[in-house]
Amino acid sequence: MDKPGIIRILDEMGTLLELQGANPFKSRAFQNAARAVEGITADLGELISSGELLEVRGVGKSIAVIIKDLHATGTSDEYRELRKSFPDGVVQMLSIPGLGPKKVKAIYEKLKISNLEDLEQAIKEDRIAELDGFGSKTQDNILKGLMALRTRSDKVLYPKARTSADRIFEGLGKERGVIRAEVAGSLRRRKEVVGDIDIVISAKKKDCAPLMEVFVNHADVTSIVAHGETKSSVILQGGINCDLRIVEDKEFAFALNYFTGSKEHNVEMRSRARKVGLSLNEYGFSHLHAEETRGKAKQLVQCKTESDLYKALGLCYIDPELRENLGEIEAAEKNALPKLIEEKDIRGTFHCHTTYSDGANSVQEMASAAQKLGWEYLGIADHSKGAVYAGGLSDARAKEQVKEIDAINEKSKGFRIFKGTECDILPTGDLDWSEKTLALFEYVVVSVHSNFKMTESEMTKRVVKALKHKRTTMLGHPTGRLLLSRDGYPIDMIKVIDAASDYGKMIEINSHPSRLDLDWRLCKYAREKGVTVSINPDAHSATSLSDVSFGVGAARKGWLSAKNVFNTRSSREISEMLRR
DNA sequence: GCCGTTTTCGGCCCGACTGTTTTCAGTCG
């Protein structure tokens with residue numbers, strides 16, 4: 001069984017233990033182990049055979065055995081035992097918002113309900129409301145949750161969530177009474193997929209209620225889940241959940257930090273605070289074991305900003321993208337965090353289409369748009385002749401385009417267009433252009449656009465062969481559109497990155513608003529292997545050049561700094577590198 | 001089940017909101 005499968009099963013085992021009413025720390029241990037496995041970039045098989053798996057924090061003896069069994073056989077005795085205790089439908093009920101393990105267990109044991117259909121039927125017959133600890137409101141909420149589950153996908157891609165968040169935040173952030181405001185949560189951490197939107201605001205107490213009113217009455221709100229003094233939760237058009245928290249300004253840094261997460265990072269921060277005798281929550285520090293009543297503990301260390309907060313714990317500031325408890329706290333302690341790449345470091349991109357193939361704008365229009373973004377250069381890479389569906393160029397048209405670019409370059413000062421191509425990788429792994437045509441270009445992006453139904457190993461061989469070609473500069477959209485529709489990758493990205501490292505080639509972090517091809521784990525692996533990446537939006541229009549920010553997010557999460565990224569270099573450096 | 005500068009036992013993050021309760025359990029983040 002592969003890694004994503006193992007992660008899923010460990011998570012499921014944690015959930016099943018929770019349902020059983022086992023020691024809550026035991027079930028959490030399984031969930032922690034799942035996160036730990038997720039963070040492993042080395043080859044899992046090797047880790048298991050060398051025994052190094054036990055050195056992974058969060059994986060102890062018992063879970064190591066389970067992982068080993070899962071890896072070798074696809075199942076394990078413990079897992080089979082746990083699965084026996086509850087039917088599939090019971091586990092599914094847990095995904096209904098508002099239903100947790102305790103309530104699901106009661107519904108299953110007292111009413112013998114084990115699937116969503118029976119649950120809906122029982123609600124209609126008013127049987128849920130009669131259970132101990134349930135009532136008519138709870139029953140209504142379960143029905144609402146059930147409907148929401150059916151109509152809404154639970155995660156959206158970062159660019160979509162960003163757009164929704166900006167719409168809410170723009171007005172709200174400027175509202176009277178707002179002292180400071182930030183978008184927090186996984187959106188601030190720039191996760192590739194985002195579950196919901198979190199907003200944190202600081203304001204005086206008297207301004208809270210009016211601000212909450214503004215929030216829940218926003219035009220984009222389709223329903224209100226909760227509406228309190230300091231916390232409200234709504235569902236926006238498009239089904240995405242949005243939470244607002246309002247705190248006092250002196251609490252802002254704590255609240256922002258807390259609601260930015262991740263959960264794993266917060267747990268580590270709190271346990272770090274405990275080691276120095278402090279308790280950390282979303283409002284501030286308090287003395288551990290203090291006798292003060294809840295919420296009245298006096299604030300000990302004033303922290304105006306998050307930097308102050310990290311400093312109070314002996315750490316340097318940690319960028320939100322790194323807050324996953326995957327080594328960033330230890331690195332912050334030693335002041336060994338990388339200076340992450342920023343959007344302003346990007347000086348151009350290399351994978352852009354024009355009206356020569358399937359783009360919407362001319363070469364000149366694309367170049368002007370790039371200049372408006374403050375870039376120094378733009379790489380044009382239209383499709384090769386075999387990409388008929390995308391208006392691939394003929395050899396003659398390719399020559400024509402190269403001539404046009406030369407002419408534009410001659411006229412322009414301080415800006416340069418690089419002549420490239422996005423060359424199809426044929427099913428054999430050969431390139432779609434002849435050597436003669438390839439020689440026209442300054443660089444070559446190689447991509448797969450056909451014959452997707454290959455086995456993983458065939459596809460990997462195909463790509464590796466193309467990568468080895470002496471004219472190849474970088475691999476374009478390495479994982480295609482399949483990244484989010486599958487658990488794994490359609491190709492073995494570890495082998496591909498290894499090959500890029502061996503042959504001294506680059507890999508694209510191809511960030512298109514509908515997908516992201518190289519996620520942060522792969523970015524991290526590429527960094528470890530010394531592979532330079534190129535952040536390209538696969539832009540088909542002038543306006544989509546700015547989608548490059550999606551890829552910058554993934555690079556930041558992969559701890560990449562400007563030196564790891566090709567398109568942070570100057571025009572001159574790029575020319576020199578490409579001549580070699 | 002995992003972990004260890006309070007270390008092989010005894011902790012393991014903490015608060016808001018909701019609903020069903022009259023003092024708290026469940027869920028969520």
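In the text below, chain A, chain B and the rest are named by the order of the sequence lines, each starting its count at 1. Because the structure is a prediction, the values reported are computed rather than measured.
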Using a strict cut-off of less than 4.0 Å between a Lys/Arg side-chain nitrogen and an Asp/Glu carboxylate oxygen, indicate whether Asp166(A) and Arg162(A) qualify as a salt bridge. yes
Under 4.0 Å between a side-chain nitrogen and a carboxylate oxygen: does that hold for Lys339(A) and Glu342(A)? yes
Audit row: Ile142(A), Ile128(A), side-chain contact (heavy atoms from CB on, under 4.5 Å) steps and yes/no: CA-CA 9 Å; Ile142(A) 295 173; Ile128(A) 301 293; 4.0 Å; yes
How many whole angstroms separate atom NE2 of His265(A) from atom P of dC14(B)? 16 Å
Rounded to whole Å, NZ of Lys144(A) lies from P of dT18(B) at a distance of 11 Å
Enumerate the residues from [range] whose closest heavy atom to DNA chain B is under 4.0 Å, giving them by residue number; use none for an empty result.
range	answer
residues 65-78 of chain A	none
residues 106-137 of chain A	Gly133(A), Phe134(A), Gly135(A), Ser136(A), Lys137(A)
residues 307-330 of chain A	none
residues 220-230 of chain A	Ala226(A), His227(A), Gly228(A), Glu229(A), Thr230(A)

Reading nucleotides 23-29 of chain B from the 5' end, what letters show protein touch, with B for base, S for backbone sugar-phosphate only, - for no heavy atom under 4.0 Å? ---SSSB
Assess whether atom CZ of Arg176(A) is packed by more than 12 heavy atoms of other residues, nucleotides or ligands within 6.0 Å. no
What's the separation between atom OG in Ser262(A) and atom CE in Met269(A), rounded to the nearest 0.5 Å? 11.0 Å
Look at the side chain of Arg190(A) and the backbone N and O of Ala554(A), then say whether any donor-acceptor pair between them is shorter than 3.5 Å. no
Is the side chain of Glu328(A) donor-acceptor paired with the backbone N or O of Leu326(A) at a distance under 3.5 Å, no angle test? yes
Measuring only the P atom in each nucleotide, how far is dT20(B) from dC14(B)? A whole number of Å is fine. 29 Å
All N/O contacts under 3.5 Å from nucleotides 8-11 of chain B to the protein, with atom names and distances to one decimal?
none

Heavy-atom side-chain contact between Ile197(A) and Ile168(A) under 4.5 Å: no
Which residue pairs satisfy the side-chain hydrogen bond (donor to acceptor under 3.5 Å, both in side chains) criterion with at least one member in residues 329-338 of chain A, sequence neighbours excluded? Arg272(A)-Glu333(A)
What residues form a side-chain contact (heavy atoms from CB on, under 4.5 Å) with Glu125(A), not counting sequence neighbours? Gln121(A), Arg127(A)
Test side-chain hydrogen bond (donor to acceptor under 3.5 Å, both in side chains) applied to Glu12(A) - qualifying residues, sequence neighbours left out: Tyr79(A), Arg83(A)
Going by the rule side-chain hydrogen bond (donor to acceptor under 3.5 Å, both in side chains), which residues pair with Asn115(A) if we only count those two or more places apart in sequence or in a different chain? Asp118(A)
Can you check whether Tyr283(A) and Tyr258(A) have ring centres sitting under 6.0 Å from each other? no
Tyr525(A): which residues meet the ring pair (Phe, Tyr, Trp, His ring centres under 6.0 Å) condition with it, sequence neighbours left out? none
Suppose we screen for ring pair (Phe, Tyr, Trp, His ring centres under 6.0 Å). Which residues come up paired with Phe86(A), at least two apart in sequence or across chains? Tyr108(A)
Option among Lys524(A), Arg189(A), Lys191(A), Arg556(A) that satisfies the salt bridge (charged side-chain N to carboxylate O under 4.0 Å, His left out) test with Glu321(A): Arg556(A)
